[in-house]
Amino acid sequence: MKKTNKIGLFGGAFNPIHNGHLFVAKDSIKTFNLNKIIFIPTGNPVFEKQELLKKQIRADFVKNAISNEKNFEVSFFEIKREAPSFFIDTLHHFNNGKDMLFTILGEDTFMQFHKWKSPEEILENSYLILAKRYEGNFAGTKKYIKKYFAVYKEKIFFLPHPLFQISSTLIRERIKKGKHISYLLPKSIEKEIAENGYYR
């Protein structure tokens with residue numbers, strides 16, 4: 001069966017979404033010639049997340065942040081689920097047998113990939129795009145792939161980018177310390193965080 005579209009699936013807590021996320025999405029479209037990116041905010045994470053805002057608030061952040069990008073969409077699939085958010089279930093939801101699926105992960109998140117539910121099945125049904133999160137040239141990540149997923153190495157791609165040091169954790173820490181977060185995330189999200197006193 002001929003594959004028709006190349007779709008990026010970008011899951012995460014987005015607590016909050018920031019310019020690093022948006023840069024990775026935009027660069028993935030350009031670098032891998034994707035037709036679109038679907039942002040999938042996590043509903044009920046399997047792994048504990050610190051200072052996690054309510055899922056609807058995080059999803060609204062994402063919807064707001066990508067509103068001007070025609071190749072970006074947001075899915076509320078995980079937000080609407082009461083069950084824990086196993087990515088393999090999400091992948092099955094989006095796998096229509098026609099599109100080529102590219103799962104986008106931060107390099108740091110990927111280093112726990114062997115602990116995910118059905119990681120081999122994820123790799124059998126999706127390519128991976130790993131966004132740079134560490135110094136160096138993905139050296140540690142390549143060793144990790146060789147240890148756990150060598151069979152699938154041809155399906156795993158690397159995406160260097162200059163904003164990899166921006167993180168949701170960094171933004172939350174700066175808010176707690178009373179530091180500004182301008183230019184780290186969209187202005188509209190910064191405004192909402194300030195008005196509602198999130199992460200203080």
Side-chain angles (χ1 to χ4, degrees), residues 3 6-18 20-21 23-25 27-29 31-32 34 37-52 55 58-59 62 75 77-79 81-97 99-161 163-173:
K3 301 290 184 180
K6 297 168 75 174
I7 309 297
L9 303 178
F10 197 174
F14 300 112
N15 186 41
I17 190 168
H18 52 71
H21 293 129
F23 187 94
V24 164
D27 223 26
S28 293
I29 283 183
T31 304
F32 302 102
L34 306 185
I37 301 280
I38 302 174
F39 289 76
I40 311 166
T42 305
N44 303 297
V46 176
F47 299 110
E48 184 179 353
K49 298 283 185 182
Q50 292 185 340
E51 306 168 288
L52 191 65
K55 53 188 179 182
R58 293 181 286 106
V62 175
S75 166
F77 174 73
E78 290 196 5
I79 294 295
R81 298 188 72 200
E82 293 300 325
S85 300
F86 290 107
F87 186 74
I88 186 62
D89 300 327
T90 302
L91 187 62
H92 285 315
H93 173 76
F94 286 100
N95 190 359
N96 60 13
D99 296 331
M100 292 178 67
L101 300 179
F102 292 74
T103 300
I104 301 170
L105 296 175
E107 194 180 10
D108 52 339
T109 300
F110 176 68
M111 296 299 270
Q112 300 294 316
F113 193 65
H114 67 289
K115 297 178 181 177
W116 288 29
K117 182 180 178 183
S118 307
E120 290 84 4
E121 189 178 354
I122 292 173
L123 281 160
E124 287 166 5
N125 290 280
S126 168
Y127 296 89
L128 293 190
I129 296 173
L130 304 184
K132 188 177 181 65
R133 296 293 295 168
Y134 299 130
E135 298 288 350
N137 191 25
F138 294 99
T141 304
K142 289 175 182 174
K143 288 181 182 177
Y144 175 82
I145 292 170
K146 186 176 181 180
K147 179 177 180 181
Y148 290 105
F149 302 108
V151 173
Y152 300 99
K153 64 181 181 181
E154 302 300 327
K155 298 190 73 175
I156 302 173
F157 304 107
F158 300 101
L159 182 71
H161 71 95
L163 304 181
F164 67 90
Q165 291 185 330
I166 298 177
S167 69
S168 300
T169 301
L170 171 70
I171 290 170
R172 296 196 304 270
E173 287 175 353

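Just so you know, these numbers use all the heavy atoms, side chains as well, and skip hydrogens, waters and symmetry mates.
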Residues 126-135 side chain polar contacts: donor-acceptor under 3.5 Å, at least two apart:
from   : atom 1 : to     : atom 2 : distance (Å)
Ser126 : OG     : Leu101 : O      : 3.3
Ser126 : OG     : Thr103 : N      : 3.3
Ser126 : OG     : Thr103 : OG1    : 2.7
Lys132 : NZ     : Tyr134 : O      : 3.0
Lys132 : NZ     : Gly136 : O      : 2.1
Arg133 : NH1    : Phe164 : O      : 2.8
Arg133 : NH1    : Ile166 : O      : 2.9
Glu135 : OE2    : Gln165 : NE2    : 3.2

Legend entry - Reported CG-to-CD1 distance for the pair Asn15 and Ile17, which is rounded to 0.5 angstrom: 11.5 Å
Legend entry - Polar side-chain atom of Arg58 near backbone of Thr42 as donor-acceptor pair, under 3.5 Å: yes
Legend entry - Side-chain (Arg81) to main-chain (Gly43) donor-acceptor, under 3.5 angstrom: no
Legend entry - His18 vs Ser168 side-chain heavy atoms within contact, under 4.5 Å: yes
Inset, instruction - Return the orientation label for the Phe10 and His21 ring planes: parallel under 30°, perpendicular over 60°, tilted otherwise. - result: perpendicular
Inset, instruction - Look at the rings of His93 and Phe77 and say which category their plane angle falls in: under 30° parallel, 30 to 60° tilted, over 60° perpendicular. - result: parallel
Inset, instruction - Quick one: list whatever passes side-chain hydrogen bond (donor to acceptor under 3.5 Å, both in side chains) with Thr90, sequence neighbours left out. - result: Glu78
Legend entry - For the student: nearest non-hydrogen atoms of Ser75 and Phe94, plus distance: OG-CZ, 3.4 Å
Inset, instruction - Of all the heavy-atom pairs spanning Ser28 and Ile104, show the shortest one and how long it is. - result: OG-CD1, 3.9 Å
Inset, instruction - Compare all side-chain heavy atoms of Pro119 with those of Phe149 and state whether any distance is below 4.5 angstrom. - result: yes
Legend entry - Min side-chain heavy-atom separation Val151-Glu120 under 4.5 Å: no
Legend entry - side chain to side chain contact (heavy atoms under 4.5 Å, CB included), paired with Phe113, selected from Ile156, Ile145, Ile122: Ile122
Inset, instruction - Could you tell me which residues satisfy side-chain hydrogen bond (donor to acceptor under 3.5 Å, both in side chains) with Thr141, sequence neighbours excluded, listed by chain and number? - result: Glu107
Inset, instruction - Using side-chain hydrogen bond (donor to acceptor under 3.5 Å, both in side chains) as the criterion, list what pairs up with Glu121, not counting sequence neighbours. - result: His92
Legend entry - Straight-line distance of Asp99 CG to Ile7 CD1, nearest 0.5 Å: 4.5 Å
Inset, instruction - Quick one: pull up CE in Met111 and CG in Leu105 and give me the separation to the nearest 0.5 Å. - result: 12.5 Å
Legend entry - Within 45° cone of Phe158 ring axis and under 6.0 Å: Lys142 NZ or CZ: yes
Legend entry - With Lys117 via side-chain contact (heavy atoms from CB on, under 4.5 Å) - residues at least two apart: Phe86, Ile88, Asp89
Inset, instruction - Nearest 0.5 Å please: distance from the CH2 atom of Trp116 over to the CZ atom of Phe110. - result: 9.5 Å
Inset, instruction - Give the minimum heavy-atom separation between Leu170 and Ser167, together with the two atoms involved. - result: N-OG, 2.9 Å
Legend entry - Partners passing side-chain hydrogen bond (donor to acceptor under 3.5 Å, both in side chains) against Asp27 (at least two apart in sequence or in another chain): none
